[in-house]
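Take a look at the structure set out below.
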2 protein chains.
Amino acid sequence: MPAMPNWNAYAAQCPTRVVLDRIADKWTVLILGLLGQQPRRFNALLREIEGLSQKMLSQTLKRLERDGLVRRTVFATTPVTVEYALTPLGETLAESLATLIRWAEDNIEAVQAAQRMFDAKTGADARPA
Amino acid sequence: MPAMPNWNAYAAQCPTRVVLDRIADKWTVLILGLLGQQPRRFNALLREIEGLSQKMLSQTLKRLERDGLVRRTVFATTPVTVEYALTPLGETLAESLATLIRWAEDNIEAVQAAQRMFDAKTGADARPA
DNA sequence: CAGCATCCTTGTCGATACTG
DNA sequence: CAGTATCGACAAGGATGCTG
């Protein structure tokens with residue numbers, strides 16, 4: 001990859017795919033959505049995101065930290081307190097992701113209607129799990 | 001879910017999760033990105049998205065069609081021609097997703113830099129596959 | 001050209017138990 | 001509180017071969 005490249009997510013080996021892989025993750029979207037409001041502690045995130053296991057939270061946070069999207073701060077209280085917050089870079093992404101969450105909330109009914117139509121026409125359950 | 005609900009993606013059973021599940025898919029983002037430019041045929045998509053298998057393309061397109069985001073049109077040529085295009089609903093989502101692709105292209109270098117920093121500090125390979 | 005059906009390998013993810 | 005470690009079930013997804 002040259003110095004001033006045309007990054008192209010459609011090329012298999014293009015590094016922009018790593019960003020898509022990060023975004024293309026339900027938990028990432030939800031976590032960054034919350035951190036976009038305000039910093040949170042580990043267990044706060046765990047409580048606020050239903051269905052999220054502690055393993056996935058831990059794993060996802062570590063990846064987000066590695067990608068420079070989230071900053072992890074440890075406070076030497078007893079017991080120890082850890083706060084997660086967006087980095088400036090993370091904030092720019094969180095804004096775009098917030099748009100997606102809003103889109104979902106605004107258009108879920110249209111999507112559900114389309115699904116009912118489709119299922120009725122195909123007569124059967126082409127429905128995924 | 002009531003008639004005028006506060007859809008909340010943070011609730012496990014909230015239907016907005018289905019939209020997130022759709023978005024939370026690398027191929028969805030890339031496919032809708034292309035269809036946002038112009039309609040394409042099946043094999044055109046297959047060729048333009050490197051690393052995408054025919055199985056995943058087929059599967060993803062069917063889901064997108066079911067969700068009312070993509071319209072599938074069959075032309076009775078021989079051999080048969082099939083065109084995929086965004087629905088009006090799909091276009092509104094594709095715009096948001098295009099933002100993400102642009103974000104990835106604009107910020108990939110910052111992300112990579114953060115990764116190098118992180119890997120250097122942790123001394124080792126916390127890197128995922 | 002535009003797919004579907006099958007096999008089979010890999011990875012994802014939840015559950016559980018334990019640590020500083 | 002904030003995690004790590006391990007196991008096992010499940011499903012995603014690639015490869016291959018076949019169809020209208």
Side-chain angles (χ1 to χ4, degrees), chain A residues 12-13 17-18 20-31 34-35 39-66 70-85 122-129, chain B residues 12-13 17-18 20-31 34-35 39-66 70-85 122-129:
Chain A
Q13 78 290 4
R17 283 269 175 104
V18 312
L20 285 185
D21 282 337
R22 192 69 48 249
I23 290 166
D25 180 50
K26 179 164 65 174
W27 305 130
T28 294
V29 176
L30 294 173
I31 290 171
L34 285 182
L35 295 184
R40 317 250 168 167
R41 306 236 302 272
F42 186 88
N43 282 308
L45 289 168
L46 201 54
R47 259 180 283 107
E48 292 185 72
I49 306 178
E50 288 185 27
L52 172 58
S53 71
Q54 167 236 52
K55 176 185 176 181
M56 289 312 296
L57 177 57
S58 180
Q59 195 173 107
T60 305
L61 283 173
K62 201 176 298 179
R63 287 204 269 243
L64 290 172
E65 189 192 359
R66 183 171 111 94
V70 160
R71 177 174 26 92
R72 179 177 180 274
T73 312
V74 180
F75 298 98
T77 55
T78 56
V80 66
T81 301
V82 179
E83 187 186 79
Y84 290 91
T122 64
D125 32 22
R127 282 176 297 272
Chain B
Q13 78 289 5
R17 283 268 176 105
V18 311
L20 286 184
D21 282 338
R22 192 68 47 249
I23 290 165
D25 180 48
K26 178 165 66 175
W27 305 128
T28 294
V29 176
L30 294 172
I31 290 170
L34 285 183
L35 295 184
R40 317 251 170 166
R41 307 237 302 272
F42 186 89
N43 281 308
L45 289 168
L46 201 53
R47 258 180 284 107
E48 293 185 72
I49 305 179
E50 287 185 27
L52 173 57
S53 70
Q54 166 244 45
K55 177 186 177 180
M56 288 313 295
L57 176 57
S58 180
Q59 197 173 108
T60 305
L61 284 173
K62 199 176 299 176
R63 288 205 268 243
L64 290 172
E65 188 192 0
R66 183 171 111 94
V70 161
R71 177 173 26 92
R72 178 176 181 274
T73 311
V74 180
F75 298 98
T77 55
T78 56
V80 66
T81 301
V82 180
E83 187 185 79
Y84 290 91
T122 64
D125 32 20
R127 280 176 300 272

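Keep in mind that this is a model prediction, so the values were computed, not measured. So that the names make sense, note that chain A is the first sequence line, chain B the second, and so on, each numbered from 1.
In this structure, the nucleotide among D:dG13, D:dG3, C:dC4 sitting nearest to the side chain of B:Lys55 is D:dG13. Closest approach to the B:Lys62 side chain among C:dC1, C:dC4, D:dG14 is made by C:dC4 (side chain taken as heavy atoms from C-beta onward). Side-chain atoms of B:Ser58 lie closest to C:dC4 of the nucleotides C:dG3, D:dC1, C:dC4. With C:dA2, C:dG20, D:dG14 as the candidates, the nucleotide lying closest to the side chain of B:Met56 is D:dG14. The side chain of B:Ser53 has D:dG14 as its nearest neighbour among D:dG14, C:dA17, C:dC1.
Rounded to whole Å, atom C1' of C:dA2 lies 17 Å from atom CZ of B:Arg40. D:dG13 atom C1' lies 14 Å from atom CG of B:Leu46, rounded to whole Å. Rounding to whole angstrom units, CZ of residue A:Arg72 and C1' of D:dA2 are separated by 8 Å. At whole-Å resolution of the value, CZ in B:Arg47 and C1' in C:dG3 are 15 Å apart. A straight line from CD of B:Glu83 to C1' of C:dA2 spans 14 Å, rounded to a whole angstrom. Taking atom CD of residue A:Gln59 and atom P of nucleotide D:dT6, one finds them 15 Å apart after rounding to whole Å. Look at CG on A:Leu52: it is 14 Å from C1' on C:dA15, rounded to the nearest Å. Here C:dG3 presents its P atom at 8 Å from CG of B:Asn43, a figure rounded to the nearest Å.
Residue B:Tyr84 places none of its side-chain N or O atoms closer than 4.0 Å to OP1 or OP2 of C:dC1. Look at B:Arg41 and you won't find any side-chain N or O under 4.0 angstrom from OP1 or OP2 of C:dC1.
Between A:Leu35 and A:Val70 there is a side-chain heavy-atom pair separated by less than 4.5 Å.
Position along DNA chain C of the nearest nucleotide to A:Asp25 versus A:Val80 favours A:Asp25 as the more 5'-ward residue.
Evaluation of atom-type donor-acceptor distances gives no pair under 3.5 Å for the side chain of A:Gln54 against the base of D:dC1.
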